[in-house]
Amino acid sequence: MDMKSIEKKWQEKWEKSKINTFNRKNTDKKFYCLEMFSYPSGAKLHVGHWYNYGPTDSYARFKKMKGYEIFQPMGFDAFGLPAENYAIKTGIHPKDSTEKNIETMETQLKAMGAMFDWSAEIKTCEEDYYKWTQWLFLKLYENGLAYRKAAPVNWCAGCNTVLANEQVVDGRCERCGTQIVKKNLTQWFFKITNYAEELLKDLDGLDWPEKTKAMQRNWIGKSTGGEIKFECESGDTFDVFTTRADTVFGVSFVALAPEHPLVKKLCSPKQKKAVDKYIEETSKINEIDRLSATREKTGVFIGHYAINPVNNKKVPIFAADYVLYSYGTGAVMGVPAHDERDFKFAEKYKLPVTRVIIPGNGDETLPYTDDGILINSLGYDGMPSAEARKAILNTLAKSGKGCHRVNYRLRDWLVSRQRYWGAPIPMIYCDDCGEVPVPYKDLPVKLPYNVEFRPDGKSPLAKCEEFMNTVCPVCGKKARRDPDTLDTFVCSSWYYLRYPDSKNSNMPFDPEIINQMLPVDKYVGGPEHACMHLLYARFITKALRDMGYLKFGEPFKSLTHQGVILGPDGNRMSKSKGNVVSPDKYIDIYGSDIFRLYLMFGFSYTEGGPWNDDGIKSVAKFLDRVERIFTKVKDTKKNLCTDFGHNEKELNYARNYAIACVNRDMEVFSFNTAVARLMEYVNALYKYDALDPSVKNIKFMRECIRDLILLLAPFTPHFAEELWSLDGNKKSVFLSPYPEADEKALEKEETEYAVQLNSKIRCKLVLPRDMSDDEIRKAVLADEKVKEALGDKQVVKLIVIPNRLINIICK
RNA sequence: GCCGGUGUGAUGGAAUUGGCAGACGUAGUGGACUCAAAAUCCACCGCCAGCGAUGGCGUGCCGGUUCGAGUCCGGCCACCGGCACCA
């Protein structure tokens, strides 16, 4: 079959008949199947796109044939750094290169033959989209979820912009690998931390990979403990955060982060020089080194003491850079006996080590960091750790010296970027009125085209006077715009809400429509977004819900990650390794159906693996086999036999077995096994076909092949559609229901049992299916082969697993 | 260090969740068809011993539970991913 020409033919027909356009009348049967949209950085689709979109489209097609009204949109996450970096290198404007790339990718995506509803397409760089991204920003601002503050932020000198915590990997920029430095800047943040607890809690109800949920839990990093107030000799107080209030009687020092304001305030004149030097030194150490757990613990005594509120002991105050100012209260209590770091610190500075917890097993070694029983703790002696934590904090709380407290590792999301190619932040700064949001009626704040975007550490927009100069919406005086753009993750944090109402020009979406269409029923994309896009999207959904726009709090009910297709050498595909496999070549030779089918058959979908040429040939061979038998049976005019005997029953069994398995496997994205069952079914058809023509029931065979085409349709849509039409059908194969297994056909009259003697297989035994346990026992023991194997041994016990296995235990 | 995952023939990968390990493919071997090749079709294909029937071994390693373990439990090893001076 000339795959390329039939693919083109059917794509045109599908487009004309609008078969892939979502029908709003059927919203009650909706199934929102979403793949992560593409980033148009390269001009062409790579294998990764294909692997995400091809098999998932097959899943969607399967669901369609199961009676769902499918909404499967596609669009482009079009703002972002690569286009801008490309522009810096070549001089081609990001808008021009992006638009061109999108055009190419659209053509390729269409040639894939996926059932994307192009009428819902969105491109985040277009005004009618980013207008609503800005709307979202303003809404968050209005609701106290967007705020500006000066803070030490992650600065990437390579990309000339700040980055969110999530975009810093091992102290380096996730994009360009440049080492991140801390810079004090005034930036916009989204208050994702308001939702930390809910983001954590709601993970439990999601049908997501455990791994991804674990990653998010980790990232949110909840720790339950308490704050304990220490009073200084000066009368100043500070709180320490601890998860081990049970060890508070073992405190032998307290440590403040060097940035803590009390360090300078309380520092004694004698120690001032040493403390200033320490602060100076630690500020020079970059964040990565400072966060390294293996680094030697250092600190400096500030010449002042604090009082332990539980026993009124005087303990020295240190400034130590292993204490992070940004976590908890920026102050910790040092309990050397029961904390590794405190232990090392105490060793170095010769501080006392007091054991206050004993383990149950009498282990004497220190530090001992697990729970145990309290000692040296006055009235708490003998109490188990868990109980003591509560009791001590409760007592402290009564006198206002402590409280229970939960801390999260999660930080607010920094969304400002000093780059050009993004959605401008819709804020105005007026000398008189201060920070003023752009009125909704003035949206969008348009991104100007003529801008010098070559980076010099300042926002490119800051250099564009016609953009920067505006008037204050409140007082009408001259004012300046915010020169920064929004992190592209803001654009992608809500795109799934825009798709179902993508042409709405009055609102980002009509809540009535969205509440019917969402949440997304199946979301498929790479696992690399676990702590970024997937977390941000959940946050934005919850925020919009609390503003009253949405009736649901989770955007993606069910999530699947596709694996990664590696280069033939087993490494990740990369230009520098020269192992990149382009889909184009294969699509040119085999067509998109075969390429897709190979992706589905050759890998375990969620695992991925190295690319292999041989596999694709085998899949092409399989479709040839299907076509040959289809043609042969279609062209056989004479039907010499109408019997439905043993052979027909066998074939019918194979057919229904395939139907049952494919239905089951498709639901769980087990594409490779589904294809394997189809191959088995085709093998069974060939076996039947090899029979003498006089005993072949051609009419029945036609029926079987009809089912084969239906079964195959989601996997190879064009190929199946072509066979379906050659078979004389006028309507699309995708408007027919997917075959359902006939349970009766799956009940064989006989079963082959494996017969074991003392758990070792000795022989096989065929028995009628509906035998009782007793009958089976009798039959087994009466069998000649069994008798022979048994010899004169005594049967002790007989285990029967229905329809599977019989185990005779004998002596 | 903590969290999660993976480990099965030459190879991609299966195994209905405790019941015949290796489905379905690829590669390989032998055969049919062909002048020949390709394509196609048929058979074999975990390892060791044996001409053979057959026997022994076998799912990273060691142990356990069980009539029965790739699957459950305990203890290790290796690799991959994430988090990590988070108090």
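Letters A, B, ... are given to chains in the order of the sequence lines, protein chains preceding strands, and every chain is numbered from 1.
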Nearest-nucleotide pick for [X], side chain only, options being [options]:
| X | options | result |
| --- | --- | --- |
| R677(A) | A87(B), C24(B), G19(B) | C24(B) |
| N807(A) | U26(B), U16(B), C67(B) | C67(B) |
| Y686(A) | C41(B), C57(B), G25(B) | C41(B) |
| R762(A) | G55(B), A87(B), G12(B) | G55(B) |
| R411(A) | C86(B), A14(B), A87(B) | C86(B) |

Restricting to side-chain contact (heavy atoms from CB on, under 4.5 Å), what partner residues turn up for [X], sequence neighbours left out?
| X | value |
| --- | --- |
| D774(A) | S772(A), R777(A) |
| C403(A) | E227(A), R405(A) |
| D689(A) | I629(A), K632(A), K696(A), M701(A) |
| T365(A) | D363(A) |

Side chain to side chain donor-acceptor pair (under 3.5 Å) contacts in which one or both residues fall within residues 655-670 of chain A, not counting sequence neighbours
K63(A)-E667(A), K66(A)-N663(A), N652(A)-R655(A), N652(A)-N656(A), R655(A)-E703(A), R655(A)-D707(A), D665(A)-T673(A), S670(A)-T673(A)

Strictly by side chain to side chain donor-acceptor pair (under 3.5 Å), give each pair with a member in residues 757-766 of chain A just once, sequence neighbours left out.
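Qualifying pairs: S759(A)-N807(A).
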
What is the glycosidic conformation of U17(B): syn, defined as within 90° of 0, or anti?
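Syn, angle within 90° of zero.
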
Where does G9(B) fall, syn or anti, if syn means a chi angle no more than 90° from 0?
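Syn, since the glycosidic angle lies within 90° of 0.
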
Does K744(A) come within less than 4.0 Å of E747(A), counting only side-chain N to carboxylate O?
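The answer is no: the pair does not qualify as a salt bridge.
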
Could you go through T298(A) and Y322(A), starting from their C-alpha distance and side-chain angles, then the distance that decides it, and tell me whether this counts as side-chain hydrogen bond (donor to acceptor under 3.5 Å, both in side chains)?
CA-CA 8 Å; T298(A) 64; Y322(A) 77 90; over 6 Å; no

Could you go through residues 331-339 of chain A and list every donor-acceptor pair under 3.5 Å that involves a side-chain atom there, pairing it with any protein atom two or more places apart or in another chain?
from    : atom 1 : to      : atom 2 : distance (Å)
H338(A) : ND1    : Y368(A) : O      : 2.8
H338(A) : NE2    : V356(A) : N      : 3.0
H338(A) : NE2    : I357(A) : N      : 3.1
D339(A) : OD1    : R341(A) : N      : 2.9
D339(A) : OD1    : R341(A) : NE     : 3.2
D339(A) : OD1    : D342(A) : N      : 3.0
D339(A) : OD2    : R341(A) : NH2    : 2.7

Would R596(A) pass as a cation-pi partner of W50(A), given that its NZ or CZ must be under 6.0 Å from the six-membered ring centre and within 45 degrees of the axis?
no

Where along [range] does a heavy atom fall under 4.0 Å from RNA chain B?
| range | answer |
| --- | --- |
| residues 750-759 of chain A | E752(A), A754(A), Q756(A), S759(A) |
| residues 602-609 of chain A | G602(A), S604(A), G608(A) |
| residues 656-668 of chain A | none |

Could you give the [atom1]-to-[atom2] distance, from [X] to [N], as a whole number of Å?
| X | N | atom1 | atom2 | answer |
| --- | --- | --- | --- | --- |
| R409(A) | C2(B) | CZ | C1' | 12 Å |
| D321(A) | C85(B) | CG | P | 12 Å |
| M679(A) | C24(B) | CE | P | 11 Å |
| Y327(A) | C86(B) | OH | C1' | 4 Å |

Does any non-hydrogen side-chain atom of I806(A) lie less than 4.5 Å from one of L798(A)?
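Yes - at least one pair of side-chain heavy atoms lies under 4.5 Å apart.
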
Without placing hydrogens or testing angles, list every side-chain donor-acceptor pair under 3.5 Å for residues 674-683 of chain A, not counting sequence neighbours.
from    : atom 1 : to      : atom 2 : distance (Å)
R677(A) : NE     : E680(A) : OE1    : 2.9
R677(A) : NH2    : E680(A) : OE2    : 3.3
Y681(A) : OH     : C704(A) : O      : 2.7
N683(A) : OD1    : R625(A) : NH2    : 2.8

Do Y586(A) and W611(A) meet the criterion of a side-chain donor-acceptor pair at a distance under 3.5 Å?
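Per modelled atom types, Y586(A) and W611(A) side chains form a pair under 3.5 Å.
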
Are side-chain N/O atoms of N571(A) and N579(A) paired as donor and acceptor at under 3.5 Å?
no

Secondary-structure string, 5' to 3', Watson-Crick or G-U under 3.5 Å, | for another-strand partners, for RNA chain B
(((((((..(((......[....))).(((((.......))))).((((....))))..(((((..]....))))))))))))....

Using atom C1' of each nucleotide, how far apart are A36(B) and G12(B) to the nearest Å?
34 Å

Toward the 5' end of RNA chain B, which comes first, K211(A) or L805(A), by nearest nucleotide?
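The residue whose closest nucleotide sits nearer the 5' end is K211(A).
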
